[in-house]
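Input: a single structure, listed below in structure tokens.
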Amino acid sequence: MLGLYLHIPFCSSICNYCNFNRGLYDEALKTRYVEALRREIASAADPASAEATAGPPEPCAKADTIFFGGGTPSLLEPNEVASIIQSVRDRFDLDPGAEITLETNPETVDRAKLERFRAAGVNRISFGVQSFVDAELTRLGRIHSADRARAAIRDARAAGFDNVSLDLMMWLPGQSVATWLGNVDALVDAAPDHASLYLLELYPNAPLKEEMARAGWSLAPDDDAAEMYVRAMEILERAGLAQYEISNVARPGMASRHNLKYWTDGEWLGFGCGAHSTRDGVRWKNVSGTEDYISRVTSGLDPGTDRRVLSANDRLEEALFTGLRLSEGIDIEAAGARYGRDVWVHYGKALEPFLQEGWLVHDRPRLRLTRAGMLMANEVMAIFV
Ligand code: SF4
């Protein structure tokens with residue numbers, strides 16, 4: 001089954017560390033964008049076929065997840081979300097139990113709006129909380145407070161959402177191990193079904209870098225960052241949120257079905273500006289600019305670019321690279337059989353030092369990272385890229 005990613009590139013304000021494909025909210029632009037998005041979905045053909053852009057669409061493919069990501073998808077009106085979901089239903093064979101996620105910023109919703117999102121068909125809310133400390137939120141340029149985030153989580157429960165995920169950012173400027181662990185405790189108190197913990201990554205010209213220099217905020221030493229990660233995972237595990245991926249924890253049965261497609265060699269189609277797709281061994285991405293995207297779609301042109309056919313070796317390496325992100329690791333015998341290469345024969349020698357170090361475990365047929373190995377994941381995965 002396919003996963004469908006829908007990109008919504010609008011934000012109420014721009015955070016000082018953000019490097020995503022987004023821009024400031026503009027109502028008229030948003031209205032035109034939603035129309036273009038619906039049009040792109042309606043005309044989605046089988047992209048792996050050479051005739052992808054010609055003739056009537058191919059018969060519907062089956063899909064079982066929709067993920068509204070951004071940007072800030074919760075800036076859309078619930079009726080717009082409903083109309084986009086309807087476009088998906090009209091074009092795809094959407095599983096009746098499909099997971100439909102809406103990334104939501106706490107300041108954009110109240111209980112009534114969340115109820116209308118629920119009625120529109122959204123059944124999973126992913127809140128960008130980032131921190132439960134107001135000073136940290138201000139430093140990041142976020143415009144909500146910790147109390148607003150807590151209220152939004154309560155509102156989501158009251159609106160009937162039984163699948164709520166929270167994003168937290170770790171290793172923030174000026175953050176100590178103690179303040180981070182306070183954040184983790186606050187997350188546990190908020191009782192989500194799922195949580196994602198991300199390390200702050202500062203791209204070269206991020207405004208936050210300058211503000212850090214001006215204000216004298218520094219990042220905790222690497223060893224502290226490692227302690228933050230390991231202790232957070234232990235606390236969350238004790239609270240019933242088991243780690244299933246390097247950055248993700250969930251209650252039993254509540255792992256993100258959409259994101260699992262990225263880590264289990266699945267297939268997905270992305271709609272909207274800058275969205276990526278991978279299907280039948282072909283990868284492509286849509287043009288990034290919002291206006292460029294709208295004008296291509298409305299003039300009947302394919303917004304997809306950079307189409308690349310992946311070789312069997314590309315696909316195997318990517319399956320290994322992403323599969324190792326999972327706590328259960330990857331069945332390397334099955335992956336090797338799928339792509340016609342014996343993984344152990346090919347990579348065993350390079351992997352051996354990591355096994356000796358205790359970063360990797362080879363539990364035939366699975367290969368997985370230990371928690372210590374997850375801290376060194378980039379070094380281990382470099383073998384496959
Ligand atoms: S809300 Fe998210 S996408 Fe928008 S600017 Fe902030 S970090 Fe970037």
Side-chain angles (χ1 to χ4, degrees), residues 5-27 29-30 33-34 37 67-77 80-81 101-110 113-114 117 122 124-153 156 164-173 175 183 187 192 194-212 217 219 247-248 256 258-259 270-276 285-286 288-291 293:
Y5 174 82
L6 312 179
H7 190 69
I8 310 296
F10 306 109
C11 292
S12 316
S13 70
I14 302 300
C15 304
N16 57 13
Y17 58 91
C18 176
N19 201 17
F20 299 134
N21 186 25
R22 78 304 178 255
L24 275 178
Y25 178 81
D26 170 314
E27 182 148 1
L29 181 62
K30 177 204 68 171
Y33 184 81
V34 168
L37 190 59
F67 193 102
F68 287 87
T72 308
S74 54
L75 283 174
L76 295 182
E77 289 303 319
E80 292 171 321
V81 169
T101 303
L102 187 84
E103 283 192 334
T104 300
N105 281 2
E107 74 281 359
T108 59
V109 288
D110 56 17
K113 191 171 184 187
L114 285 160
F117 280 137
V122 176
R124 183 172 184 269
I125 287 282
S126 175
F127 281 116
V129 173
Q130 315 313 355
S131 170
F132 284 101
V133 176
D134 286 342
E136 290 178 352
L137 289 167
T138 307
R139 260 173 239 168
L140 292 173
R142 303 293 301 206
I143 53 175
H144 67 270
S145 65
D147 279 348
R148 178 85 277 282
R150 287 191 186 90
I153 297 161
V164 174
S165 179
L166 307 182
D167 285 358
L168 266 196
M169 288 174 65
M170 180 170 60
W171 206 21
L172 299 177
Q175 190 174 59
N183 267 305
L187 183 142
H194 182 281
S196 304
L197 312 183
Y198 296 110
L199 279 179
L200 173 68
E201 283 182 44
L202 286 170
Y203 67 96
N205 298 321
L208 179 55
K209 271 193 159 175
E210 279 172 35
E211 287 173 39
M212 286 173 66
W217 304 324
L219 293 179
S247 305
N248 286 277
S256 162
H258 182 82
N259 287 340
F271 297 95
C273 59
H276 291 245
K285 85 178 267 265
N286 281 354
S288 305
T290 308
E291 284 289 4
Y293 167 79

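In listed order, ligands and their atoms are each counted from 1.
Distances from ligand 1 to the non-hydrogen atoms of G128 include no value under 4.0 Å. The shell of residues lying under 4.0 angstrom from ligand 1, judged by heavy atoms, excludes G141.
The distance from ligand 1 to the heavy atoms of F20 drops below 4.0 Å at these ligand atoms: 3 (S), 8 (Fe). Remark: ligand 1 atoms within the under-4.0 Å shell around heavy atoms of C18 are 3 (S), 5 (S), 7 (S), 8 (Fe). Those atoms of ligand 1 with a heavy atom of I14 less than 4.0 angstrom away are 5 (S). Every atom of ligand 1 with a heavy atom of C11 under 4.0 Å away is listed here by number and element: 1 (S), 3 (S), 4 (Fe), 5 (S). Close contacts of ligand 1 with S13, meaning ligand atoms under 4.0 Å from a residue heavy atom, involve 5 (S).
In this structure, the protein non-hydrogen atom closest to atom 1 (S) of ligand 1 is N105 ND2, 3.3 Å. For atom 2 (Fe) of ligand 1, the closest heavy atom belonging to the protein is R142 NH1, 3.9 Å. Of all protein heavy atoms, the one closest to atom 3 (S) of ligand 1 is G71 N, 3.4 Å.
R139 places a side-chain N or O within 3.5 Å of a backbone atom of P173 that can act as its donor or acceptor partner. Using a distance-only test at 3.5 Å, with no hydrogens or angles considered, no donor-acceptor pair links the side chain of H276 to the main chain of G270.
The side-chain heavy atoms of I143 and N105, taken from C-beta on, include no pair separated by under 4.5 Å. Contact annotation: the side chain of Y25 never approaches that of S12 to less than 4.5 Å [non-hydrogen atoms, C-beta and beyond]. You'll find the side chain of E210 stays beyond 4.5 Å of the side chain of N16, heavy atoms only. A heavy-atom distance below 4.5 Å is found between the side chains of L172 and L140. Residues Q175 and M169 have side chains not in contact (no heavy-atom distance under 4.5 Å, counting atoms from C-beta outward).
Taking 2.8 Å as the criterion, C15 does not count as a coordinating residue of atom 4 (Fe) of ligand 1, since none of its N, O or S atoms falls below it.
Separating the NZ atom in K30 from the CD atom in E77 is a distance of 5.0 Å, to the nearest 0.5 Å.
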